[in-house]
Peer 1: 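Here it is, the structure in full.
Note on naming: letters A, B, ... go to the chains in the order of the sequence lines (proteins, then strands), and numbering restarts at 1 for each one. Since the model is a prediction, treat every value here as computed from it, not as a measurement.
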Amino acid sequence: MSYVCAEHLVKTYGTGAAAVRAVHDVNFDIEAGEFVSIMGESGAGKSTLLSIMGAMNPPTSGRFVVNDIDVYKLGSEKRTDFRREFIGFVFQSFHLASYLTVLENVMLPLTTVPTSRKEKRSLAEAALAQVGLSGKEGRLPSQISGGEKERVAIARAIVNDPPVVLADEPTGNLDSKTSHEIMALLQRLNRAGTTILMVTHSRDCAGYAERSLMVTDGRLTEPDRDLLRVGNDLPFQPEPQDLCSDARYG
Amino acid sequence: MNLSDIVFRNLLRRKAKALFVLAGLAIGVATVVALISFVEAMTNHINHKLEKYGANILIVPKTENLSLSYGGLSLGGVSFEMQEIRQRDLQKIDSIKNAANVAGIGPMVFGVVTVRGQKVLLAGVDFESTWILKPWWKIDGTLPGETGVILGAETAKVLDLKRGSSLQIKKKDFIVSGVLKPTGSQDDQLLFMTLGTAQSILNKEGLISMAEVAALCKDCPIDAMVKQISEAVPGARVMAIQQVVKGRMEALSQFKNFSYGVSLVVVLVGSLVVLATMMGSVRERTEEIGIFRAIGFRKSHVFKIVLLEAGFISAVAGILGYVAGFGVTKGVLQFFYESGGASILPSVNLAAGALGLAVLVGLASSIYPAFLAARMDPNQALSAM
Ligand SMILES: Nc1ncnc2c1ncn2[C@@H]1O[C@H](COP(=O)(O)OP(=O)(O)O)[C@@H](O)[C@H]1O
Ligand SMILES: [Mg+2]
């Protein structure tokens, strides 16, 4: 079965008249090592979908399975542990801790991991080297550029070597040159084996992915193939009944 | 990088907030420490006085005539026909219920004698018990033997006798072995000799005029002891002489209650300061906590971060509060009792108590903010940014 598997995902915010159905019966599966982009208009439900995939936002109904683990069957603290071990997040607005240095920000996900300071430090330095930020370890987030902040955010996402990296509009706040550099970086990570799911507005950016999911009003729709520069995969065609059929419930 | 690193980095970043919490707690602790150590110093001071006071129970004969007095107490009539207590009856005091609290018994016999043509009140005392019964006595000379006497300061002046002088009482020769320094009490006007000698001179063998009893303990059940002694010694009137000290003790215990009340209020205010500040701090850190939770900090980790922070500030506040409270008390005592009256020494127990109190209050007031922080939904915390 697929490494990442979504089955009949529904997410409704609020209740009664104020209810907003942000995700509407979404099904897909993603193999390990894929680089998938999620596109759609603002308010379409991309972030909601990504947060469900990030084990941070319990769906109203449906199942989400990673590596045979039924993520939302896990208790809250176990789900946190799952996040730590399986998911690296790259947030749209970086979300760096302003009072911690670049190196410390990258070390954050290792805080609760029982390894030595030295080990944590060298892992963080390796991650920073991977995103091309060696030499800026001691700076504060306020002392580096937007593109560098994004790199720090990526370094933080990959420091504990998670199998899946989720990125929500990673280039939303960057100019196009920097955006391409960041995309190239994600592509390199992907080639090194990391499964990447990336929400993006930009067709250019989506072009770096191997395939693209299109979200419209909370539903997955067929992407417009012409919009994709690199798109050798077939547009995603969900077959709801068959998805995740043999997933173990974790 | 571990949880405490995050705590310290955050404390350094939010120095003003940290100082605010610190001040709130430290002031509370300082107040409590100051009040407690002040009460303690006063209690010690009074107890010390109490012990210096010497005798605190008097045993006198039951009598109707009131004219000759000692220490404000009637000793019977001038007519020398004083009623007496048998000396051996005093032994019964050893068998009262609170006998263990009796530190000393001083039997005394009184009589008027003529020395150098002047009438003087002669007191036969048990000199061995004077150090505990009359600790304020300072003798210029030595304690007398069988043929020695000690003169009160006034007596020595009036009779024009000094240490080493000889004198005759009822045709017997005596040497002045010492003169009492002025005591400000009636002792200044007496002539002292050993009990046995006085008894034989006064023809009162085996009899005593009164006895002083010292119950030298902080919380002696004086009233109960008075009752027990009255029952044990027939024909004696037994009374406590501690009214002044007792009054002070009562005032002190009222002050104690007052200071407990003040402490409670101050600690309560301190804990509200901590609560409000920590709530604000947690709210301000919403984004950060959202990140922590998203990247794999458990709820318990977030809880711990908040409590570690509070615990650290509280511990520092406890130490500072103790030092400040101690200093204030020391200063106040020095101001009121310039030369060596009441004083305090640093107390490990009080310091530990202050530390414990600060940490307890700091943690207790931070539990709710920590709980709110831990409960924060990472998805909402981050999407709200
Ligand atoms: N926490 C929330 N509470 C209520 N409504 C929400 C919440 N998050 C998102 N929504 C709503 O769900 C819909 C999808 O939002 P979102 O997933 O953020 O879309 P996108 O990322 O594609 O812009 C929107 O209508 C949005 O207003
Ligand atoms: Mg979004």
Side-chain angles (χ1 to χ4, degrees), chain A residues 11 13 22 47-48 50-52 54-58 75-101 103-121 123-124 140 153 156-157 159-160 162 166 168, chain B residues 1-19 21 277-278 280-309 312-313 370-385:
Chain A
K11 180 67 187 189
Y13 291 112
S47 293
T48 301
L50 202 73
S51 64
I52 292 173
M56 283 209 295
N57 193 4
S76 151
E77 298 286 66
K78 283 262 177 262
R79 190 141 52 76
T80 303
D81 296 342
F82 168 84
R83 270 204 299 278
R84 186 172 57 240
E85 282 165 37
F86 280 83
I87 312 281
F89 287 99
V90 181
F91 303 102
Q92 180 171 1
S93 41
F94 317 130
H95 287 316
L96 301 179
S98 61
Y99 62 101
L100 298 178
T101 64
L103 186 74
E104 286 165 339
N105 264 289
V106 175
M107 278 197 282
L108 266 187
L110 304 173
T111 305
T112 59
V113 175
T115 41
S116 69
R117 266 164 210 269
K118 225 176 118 188
E119 173 72 6
K120 289 176 187 180
R121 202 187 166 85
L123 282 172
L140 289 172
R156 184 176 66 189
V159 71
N160 55 347
L166 303 178
D168 194 352
Chain B
M1 194 80 183
N2 51 38
L3 292 183
S4 56
D5 291 327
I6 293 176
V7 168
F8 288 120
R9 300 307 298 274
N10 182 57
L11 281 175
L12 286 178
R13 171 178 58 147
R14 294 164 197 269
K15 285 191 202 87
K17 273 222 160 73
L19 284 178
V21 172
T277 316
M278 292 306 281
S281 164
V282 162
R283 211 165 290 136
E284 250 174 52
R285 295 173 79 182
T286 300
E287 175 189 2
E288 193 183 325
I289 293 166
I291 302 169
F292 289 169
R293 295 282 287 119
I295 65 179
F297 283 48
R298 285 177 162 215
K299 285 178 182 167
S300 57
H301 292 132
V302 173
F303 195 77
K304 239 187 235 167
I305 288 177
V306 177
L307 285 193
L308 267 176
E309 184 174 320
F312 177 76
I313 301 179
F371 169 76
L372 287 187
R375 211 187 52 175
M376 219 174 260
D377 176 31
N379 191 46
Q380 261 169 24
L382 292 181
S383 62
M385 290 299 131

Peer 1: Identify the two heavy atoms, one from B/Ser300 and one from A/Glu77, that lie closest to each other, and give their separation to 0.1 Å.
Peer 2: N-OE2, 3.3 Å
Peer 1: Would you say NZ of B/Lys304 has more than 12 non-hydrogen atoms from neighbouring residues, nucleotides or ligands within 6.0 angstrom?
Peer 2: no
Peer 1: Please determine, among B/Asn10, B/Leu3, B/Leu12, the option with the most heavy-atom pairs under 4.5 Å with chain A.
Peer 2: B/Asn10
Peer 1: Do A/Arg156 and B/Ile291 make a side-chain contact, defined as non-hydrogen atoms from C-beta onward lying under 4.5 Å apart?
Peer 2: yes
Peer 1: Do A/Ser76 and B/Lys299 have a side chain donor and acceptor closer than 3.5 Å?
Peer 2: yes
Peer 1: If you compare all heavy atoms of B/Asn379 against all heavy atoms of A/Met56, which two are closest, and at what distance to 0.1 Å?
Peer 2: CB-O, 3.5 Å
Peer 1: Show the nearest heavy-atom pair for residues A/Leu108 and B/Phe297, with the distance to one decimal.
Peer 2: O-CE1, 3.3 Å
Peer 1: Give, for atom OG of A/Ser51 and atom CG of B/Leu382, the distance between the pair rounded to the nearest 0.5 Å.
Peer 2: 10.0 Å
Peer 1: Heavy-atom distances under 4.5 Å only: say whether B/Ile6 touches chain A with side chain, backbone, both or neither.
Peer 2: both
Peer 1: Calculate, to the nearest 0.5 Å, the distance between atoms CD1 and CZ belonging to B/Ile295 and A/Phe89 respectively.
Peer 2: 10.0 Å
Peer 1: Counting only heavy atoms closer than 4.5 Å, note whether B/Arg14 contacts chain A via side chain, backbone, both or neither.
Peer 2: neither
Peer 1: With a 3.5 Å distance limit and no angle check, can you tell me whether A/Arg84 reaches the backbone of B/Arg298 through a side-chain donor-acceptor pair?
Peer 2: no
Peer 1: Determine whether a donor-acceptor pair (N or O, by modelled atom type, separation under 3.5 Å) exists between the side chain of A/Arg83 and the backbone of B/Gly296.
Peer 2: no
Peer 1: Could you tell me which residues satisfy salt bridge (Lys or Arg N to Asp or Glu O under 4.0 Å) with A/Arg79, sequence neighbours excluded, listed by chain and number?
Peer 2: none
Peer 1: So what's closer than 4.5 Å to chain B heavy atoms on A/Tyr99: side chain, backbone, both or neither?
Peer 2: both
Peer 1: Could you tell me which portion of B/Arg9 (side chain, backbone, both or neither) has an atom closer than 4.5 angstrom to a non-hydrogen atom of chain A?
Peer 2: both
Peer 1: Report the option among A/Glu104, A/Met107, A/Arg121, A/Glu85 that has the most heavy-atom pairs separated by less than 4.5 Å from atoms of chain B.
Peer 2: A/Glu104
Peer 1: When rounded to the nearest 0.5 angstrom, what distance separates OH in A/Tyr13 from CD in B/Gln380?
Peer 2: 8.0 Å
Peer 1: Given the options A/Thr80, A/Leu96, A/Thr48, A/Leu103, which has more heavy-atom pairs under 4.5 Å with chain B than any of the others?
Peer 2: A/Thr80
Peer 1: By a 4.5 Å heavy-atom criterion (distance strictly below it), what part of B/Asp5 contacts chain A: side chain, backbone, both, or neither?
Peer 2: side chain
Peer 1: Can a donor-acceptor pair be found, under 3.5 Å and without considering hydrogens, that links the side chain of B/Glu288 to the backbone of A/His95?
Peer 2: no
